[in-house]
Amino acid sequence: MHKNIRTRFAPSPTGYLHIGGARTALFNMLFARHFGGTFLLRIEDTDRKRSTIQAIQAIINGLEWLGLTPDEPTVFQSRNIQRHKEAAESLIQSGQAYFCYCTANELEEMRKTALARGESPRYDGRWRERDQSDAPKDVKPVIRFKSPQNGKTDIFDLVQGNVSVENRELDDMVLLRADGSPTYMLSVVVDDHDMKITHAIRGNDHLTNAFRQTQLFKALGWSPPHYAHIPLIHGPDGSKMSKRHGALGVEAYREMGYLPEAILNYLMRLGWSHGDDEIVSMKQAIEWFELHEVNKSASRFDFDKLNYLNAHYIKSMPDDCLISLIEKKTKVNLVTRDRLKKGLAGLKERAKTINEIVEKGEVYLCSRPIKIESEALSSLTQECLRKLQLIATDFQSLEEWSEDGVKSVIHNFIEHHKVKMRDIALPLRIALSGSTSSPGLFELSFALGKEEVLGRISDATGMSSRI
RNA sequence: GACCCCAUCGUCUAGUGGCCUAGGACAUCGGCCUUUCACGCCGAAAACACGGGUUCGAGUCCCGUUGGGGUCGCCA
């Protein structure tokens, strides 16, 4: 079972790569890599009307961003349609499929009556044994699978365990539409077989599909892959994930300033764990991942934990990488880049997202005169301004501009003028950052540089005295 | 509604019959650190859905109840 493992992520390109899909892809990759197998991507685009190239691109980009790139060229299901049709034909030949001439109205009625009788809405099999000569001329038939009526179908799911259903519960599904195109149910089976997929790892919403697919595999004389239905991700309130809950495309997470490492780490811990380990790299995950250790129950999406992980990976990211990410989100020039670099250590400590770094890093990136928050401005008393002017002259005479140098200037100031740290820290912070909350004063001053510090102090004293 | 699946702190989870007076993490609350905001450190509160069995012994096995989810398309 561990030889030549082949897994696939098989999304339909009707929208972005959402967070649940990303996790499915992750688990497929983790499992394949763990056994030195192959991870594939198959775009399920048999429904041409709903598939878009934008969606295909979004899925491929999303996977690439997360580092979940397939090991072989992407398979487009629509290119295998001929094969799917042949499979349907062969089932007709072997008497395991038949033409059905029901109209949409007839089907609608069948569902209603079944529902009324307290049964599942389903096709009643009326064309199963009916003679072809009865076929109405004006109706194009679909091909339906003649599914077994007796016995039951078992699947041994690697995550969910042994699951079985009575065959009579399953109606005859459509294999080929009236227009001759194959349905998902047929395509998946044929492609999984042709691609030599050994393990179908997908969302739990496919669990009941596995029964029908297993029947189809058998009818075609093939053996089904091992199935693993991983639990779904729900919204924070336990209901189905909505956009509000984080059911966004992965590119939305990138825009919000999340790191792929954080998302991957967060996603892998949803339903899977390795003892008490919380911070897990892809390398470790590949080494440790086992399908039978995946939980059966759905989990809820939690932004707090994602934020925590993201903050962790931001802290451990090299400065150069961080700066280039910041540069993608905001304008940085030669001068501000230098300031940013000097102040980055303090910024990293605080931020939960890249966007937060950009926001907080604005103190280094903005140019004079800086904007001062009104609340901060109102705490700048005349006394504050006087102190600012005084300390400006002290800064002026500081020759070697270093963090320690700035520190000693401030400490000396406190001693000479017999004031508390707060008394000078607050006005200085406001003058330099325009806010009552900023990075540490010493590093802020140092990173800004002497000229900028003196400039901002002078701006503040000038501006305030005019009010 | 029918069928299928699931059920440990608010959340993610550890736990595979005795090591569990249930462990870790996020969030919450308190303290320390501190020039602000954070970070960090220390501490607290917080769970085996319920009811029956099986067993010397059950969070762990079985059954039922309740609750939640999924599926029931000529969508995937």
Side-chain angles (χ1 to χ4, degrees), chain A residues 10-14 44-47 49-51 77 100 102-104 107-108 111 114-123 140-144 157 159-161 163-166 168-171 173-185 187-188 203-212 229 231-232 234 236 238-240 266 269-279 295-309 311 315 346-352 356 360 410 414 420-426 428-430 433 435-442 444:
Chain A
S12 64
T14 52
E44 311 237 308
D45 55 350
T46 50
D47 184 352
K49 280 168 289 209
R50 300 206 310 155
S51 304
Q77 195 159 56
C100 165
C102 284
T103 61
L107 291 169
E108 183 58 30
R111 289 188 193 109
L115 226 39
R117 279 202 305 252
E119 290 168 4
S120 325
R122 64 207 304 253
Y123 173 66
K140 277 198 171 171
V142 299
I143 292 180
R144 283 185 186 273
D157 193 284
V159 169
Q160 302 294 335
V163 188
S164 72
V165 73
E166 295 294 330
R168 65 181 139 77
E169 296 291 341
L170 273 17
D171 67 357
M173 60 186 152
V174 173
L175 263 18
L176 238 44
R177 302 185 183 98
D179 68 2
S181 65
T183 60
Y184 158 79
M185 220 51 96
S187 300
V188 176
N204 203 204
D205 49 341
H206 284 288
L207 184 59
T208 48
N209 288 337
F211 296 124
R212 321 187 91 112
H229 290 92
L232 265 17
H234 290 161
S239 66
K240 193 171 170 139
Y266 176 69
R269 285 285 288 98
L270 243 37
W272 174 78
S273 62
H274 182 265
D276 285 339
D277 294 307
E278 298 288 348
I279 305 292
N295 279 174
K296 293 174 162 194
S297 54
S299 45
R300 303 180 183 201
F301 191 81
D302 179 19
F303 264 110
D304 283 330
K305 194 141 188 176
L306 211 210
N307 285 338
Y308 165 79
L309 254 9
K315 284 190 198 89
L347 252 25
K348 275 163 95 167
E349 288 285 285
R350 280 153 245 261
K352 289 193 162 54
E356 227 174 286
K360 300 249 171 73
I410 293 175
I414 290 170
K420 292 225 163 66
M421 181 65 179
R422 289 192 54 83
D423 299 327
I424 185 61
L426 180 74
L428 202 48
R429 166 166 284 114
I430 294 171
S433 72
S435 164
T436 51
S437 160
S438 78
L441 214 41
F442 308 137
L444 175 63

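The sequence lines fix the lettering, A, B, ..., with proteins before strands; numbering per chain opens at 1.
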Measure the distance from [atom1] on [X] to [atom2] on [N] and round it to the nearest whole Å.
X       : N      : atom1 : atom2 : value
R212(A) : C3(B)  : CZ    : P     : 15 Å
L207(A) : U71(B) : CG    : P     : 11 Å
E169(A) : C5(B)  : CD    : P     : 12 Å
H234(A) : G68(B) : NE2   : P     : 12 Å
K296(A) : C4(B)  : NZ    : P     : 15 Å
K352(A) : C26(B) : NZ    : P     : 11 Å
M173(A) : G73(B) : CE    : P     : 13 Å
K348(A) : C37(B) : NZ    : C1'   : 19 Å

**Request:** Start with the C-alpha distance between F301(A) and Y266(A), add both sets of side-chain angles, then the distance that settles ring pair (Phe, Tyr, Trp, His ring centres under 6.0 Å), and finish with yes or no.
**Result:** CA-CA 10 Å; F301(A) 191 81; Y266(A) 176 69; 5.3 Å; yes
For [N] versus [M], give the span between their [atom1] atoms, rounded off to a whole number of Å.
N      : M      : atom1 : value
A58(B) : U66(B) : P     : 26 Å
U21(B) : C5(B)  : C1'   : 34 Å
A47(B) : U8(B)  : C1'   : 6 Å
C50(B) : U11(B) : P     : 15 Å
C39(B) : C26(B) : P     : 11 Å
C29(B) : C48(B) : P     : 24 Å
G23(B) : G15(B) : P     : 15 Å
C33(B) : A27(B) : C1'   : 22 Å

So what's [N] paired with, Watson-Crick or G-U wobble, going by both distances under 3.5 Å?
N      : answer
C26(B) : G10(B)
C50(B) : G64(B)
C56(B) : G18(B)
A2(B)  : U71(B)
A45(B) : none

Is there a donor-acceptor contact under 3.5 Å from the side chain of [X] to the main chain of [Y]?
X       : Y       : value
N307(A) : K352(A) : no
R212(A) : T208(A) : no
Q160(A) : H229(A) : yes
R269(A) : H274(A) : no
D302(A) : D304(A) : yes

Check every atom of [options] against the side chain of [X] and return the nucleotide holding the closest atom.
X       : options                : answer
H206(A) : C6(B), A76(B), U71(B)  : A76(B)
P121(A) : G69(B), C72(B), A76(B) : C72(B)
T46(A)  : A76(B), G69(B), C39(B) : A76(B)
R350(A) : C5(B), C37(B), C74(B)  : C37(B)
R144(A) : C6(B), C4(B), C74(B)   : C74(B)
S437(A) : G70(B), A7(B), C37(B)  : C37(B)
V174(A) : C5(B), C39(B), C74(B)  : C74(B)

Please list, for nucleotides 59-61 of chain B, all pairs of protein and nucleotide N/O atoms separated by less than 3.5 Å.
none

**Message:** Under a plain distance cut-off of 3.5 Å, with no hydrogens placed, do S181(A) and D179(A) share a side-chain donor-acceptor pair?
**Reply:** yes
**Request:** Tell me yes or no: between the side chains of T14(A) and R50(A), is some donor less than 3.5 Å from an acceptor?
**Result:** no
Contact check, side chains of [X] and [Y], non-hydrogen atoms, under 4.5 Å:
X       : Y       : value
P231(A) : S297(A) : no
S12(A)  : D47(A)  : no
V174(A) : M185(A) : no
T183(A) : V142(A) : no

Does [X] have a side-chain nitrogen or oxygen under 4.0 Å from the phosphate oxygens OP1 or OP2 of [N]?
X       : N      : answer
Y308(A) : C26(B) : yes
R111(A) : G1(B)  : no
T14(A)  : A76(B) : no

**Message:** Distance criterion of 3.5 Å, no angle test: do you see the side chain of D45(A) paired donor-to-acceptor with the base of A76(B)?
**Reply:** no
**Prompt:** Has the side chain of N204(A) got a donor or acceptor that lies under 3.5 Å from a partner of the other kind on the base of G70(B)?
**Reply:** no
Check the interface with nucleotides 33-35 of chain B: list each N/O to N/O pair with the protein under 3.5 Å, or write none.
unit_1, atom_1, unit_2, atom_2, d
U35(B), O2, R429(A), NH1, 3.1
U35(B), O2, R429(A), NH2, 2.9

**Request:** Run the salt-bridge test on E349(A) and K360(A) with the 4.0 Å N-O cut-off and return the result as yes or no.
**Result:** no
**Message:** Determine whether N209(A) and V188(A) satisfy the following criterion, side-chain contact (heavy atoms from CB on, under 4.5 Å), listing intermediate values before the conclusion.
**Reply:** CA-CA 10 Å; N209(A) 288 337; V188(A) 176; over 6 Å; no
Using a cutoff of under 3.5 Å, can you pull out all pairs of nitrogen or oxygen atoms linking the protein to nucleotides 10-12 of chain B, with atom names and distances?
unit_1, atom_1, unit_2, atom_2, d
C12(B), OP1, R300(A), N, 3.0
C12(B), O2', R269(A), O, 2.9
C12(B), O2, K305(A), NZ, 3.3

